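Data block below; observations after.
Fair warning: this is a prediction, and the values are worked out from it, not measured in the lab.
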Amino acid sequence: MALRPVQVNVKALDSRAVGRFWAEALGWSAYSPGVTTYVGPAGGLVWPDPVFVGIDVVPVPQPGTATKNRVHLDLATTSAAHHAESVARLRALGATPVDVGQGAVPWTVLADPEGNEFCVLEPRDVYRDTGPVAAVVVDCADPRAMAGFWGEAIDWTLHEVTDDRAVMRSAGGVGPFLEFLRTPGAKSVPDRVHLDLLPRPGDDSAAEAARLRALGATDLDLGQGDVTWTCLADPEGHEFCVLAPS
């Protein structure tokens, strides 16, 4: 029993516009089969995607705050020229430069049209085969503790763990990495971006949620009401959802 990350959930006032931004940003397609806008690889809607972690943009009535998100995406580039071209293209799509105290770094920090931060990385060999999303990055106080919880929660392989960083990737070695980075400060506002997890075929979502509670997850009431998924928080308070198999 274990769960698989299948999508990054992004809250937005205008979910269709934000969905279109991310589709163009990643060279993917935006699909709106219901109230949300799902962004996944072009070629027709396939969910869950067997390789990539998609983006599900969910409409909400509340705008985001000025507080930096605790979860963000890192985008991959293949050369210095590709990095420069990507930044220029993303800014033309509506992204804006953001100062999150990064100082002089080789990557570029931007925000989507509703202020969700993301990074366009300089070329790194480790991300050469991830696709457009290099990593889903989570700010945390204790990467070792996060590796302990998430290593049991999901069926991904732990590649690295230090006091400053923990890195995971799917057991098949495909798609993006999941990275936990030691970051000053604690969570102070609800997450605007979080992971959605899906049980494997034949597994039960309620049993999976109970297993996560035993590992240290806590129930979370976001006003979701009677829904088919379960909202939880990890031991540092990062929100995530356990979806019901379709």
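- Remark: the Q7 side chain and the W47 side chain contain an N/O donor-acceptor pair separated by less than 3.5 Å.
- One hydrophobic cluster, built from ILVMFWY side chains closer than 4.5 Å, cannot hold both L121 and W22; they sit in different ones.
- At least one side-chain heavy atom of D163 sits less than 4.5 Å from a side-chain heavy atom of R182.
- Between E179 and P143 there is no side-chain heavy-atom pair separated by less than 4.5 Å.
- The cluster map of Ile, Leu, Val, Met, Phe, Trp and Tyr, joined by side-chain heavy atoms under 4.5 Å apart, puts V133 and V51 in the same cluster.
- Under a 3.5 Å cut-off, the side chain of D99 and the backbone N or O of G101 do form a donor-acceptor pair.
- A donor-acceptor pair under 3.5 Å is absent between the side-chain atoms of N69 and the main chain of H72, judged by distance alone.
- Rounding to the nearest 0.5 Å places NE2 of H83 at 9.5 Å from CG of L75.
- Not a single donor-acceptor pair under 3.5 Å links the side chain of E239 to the backbone N or O of L232.
- Remark: K68 engages D139 in a salt bridge, criterion side-chain N to carboxylate O under 4.0 Å.
- The nearest pair of heavy atoms linking R192 to L13 is NH2-N, 4.1 Å.
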Steps toward side chain to side chain contact (heavy atoms under 4.5 Å, CB included) verdict (N116, V10): CA-CA 9 Å; N116 299 302; V10 178; 3.7 Å; yes
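- Closest of all the heavy-atom pairs between C140 and H238 is CB-CE1, 4.1 Å.
- The CZ atom of F118 lies 7.0 Å from the CG atom of D112; values are rounded to the nearest 0.5 Å.
- Ion pair D125/R128 flagged as a salt bridge, since at least one NZ, NE, NH1 or NH2 atom sits closer than 4.0 Å to an Asp/Glu carboxylate oxygen.
- Annotation: the span from E85 atom CD to L90 atom CG amounts to 11.5 Å, rounded to 0.5 Å.
- By the 4.5 Å heavy-atom criterion applied to side chains, R213 and T218 are not counted as neighbours.
- For the pair F52 and P41, the tightest heavy-atom approach, listed with the atom from each and the gap, is CD1-CG, 3.5 Å.
- From L243, atom CG reaches atom OG of S205 across 8.5 Å, with rounding to the nearest 0.5 Å.
- Side-chain contact between C241 and H194: present, with at least one pair of heavy atoms (C-beta onward) separated by less than 4.5 Å.
- With hydrogens and angles left out, the side-chain atoms of T77 and S86 include no donor and acceptor closer than 3.5 Å.
- Paired with L178 under the rule side chain to side chain contact (heavy atoms under 4.5 Å, CB included), one option of V53, I154, V137, V167 passes, and it is I154.
- One distance of note links CG of D203 with CZ of R211; it measures 8.5 Å at 0.5 Å rounding.
- For the pair T65 (side chain) and T67 (backbone), a donor-acceptor distance under 3.5 Å is present.
- In this structure the side chain of F177 reaches within 4.5 angstrom of the side chain of T130, judged on heavy atoms.
- In terms of heavy-atom proximity, S15 sits nearest to V35 at OG-O, 4.0 Å.
- Taken together through direct or relayed side-chain contacts under 4.5 Å among Ile, Leu, Val, Met, Phe, Trp and Tyr, V58 and F240 form parts of separate hydrophobic clusters.
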Determine, stepwise, if the pair V100 / E117 fulfils side chain to side chain contact (heavy atoms under 4.5 Å, CB included). CA-CA 9 Å; V100 293; E117 303 90 353; 4.2 Å; yes
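- Atom CG of L3 and atom CD of E208 lie 4.0 Å apart (nearest 0.5 Å).
- Sparse packing is recorded around CZ of R16, with 12 or fewer heavy atoms of other residues, nucleotides or ligands lying under 6.0 Å away.
- Taking hydrophobic clusters as Ile, Leu, Val, Met, Phe, Trp and Tyr residues chained together by side-chain heavy-atom distances below 4.5 Å, Y127 does not share a cluster with L110.
- Between P123 and T78, the closest side-chain pair of non-hydrogen atoms is not below 4.5 Å.
- Of all non-hydrogen atoms in L215 and A153, the two that sit nearest each other are CD1-N, 4.1 Å.
- D155 has a carboxylate O that lies under 4.0 Å from a charged side-chain N of R200, or vice versa, which qualifies the two as a salt bridge.
- The hydrophobic cluster containing L73 does not contain V105, counting ILVMFWY residues as joined when their side-chain heavy atoms lie under 4.5 angstrom apart, directly or transitively.
- With contacts defined as side-chain heavy-atom distances shorter than 4.5 Å, the pair V136/V8 qualifies.
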Side chain to side chain contact (heavy atoms under 4.5 Å, CB included) assessment of M168 paired with H159: CA-CA 5 Å; M168 307 176 74; H159 285 257; 5.7 Å; no
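- Side-chain contact check for R144 versus F180: every heavy-atom pair is 4.5 Å or farther apart.
- The heavy-atom pair separating Y38 from L45 by the smallest distance is CD2-CD1, 3.5 Å.
- A search for salt bridge (charged side-chain N to carboxylate O under 4.0 Å, His left out) contacts involving E160 returns R165, not counting sequence neighbours.
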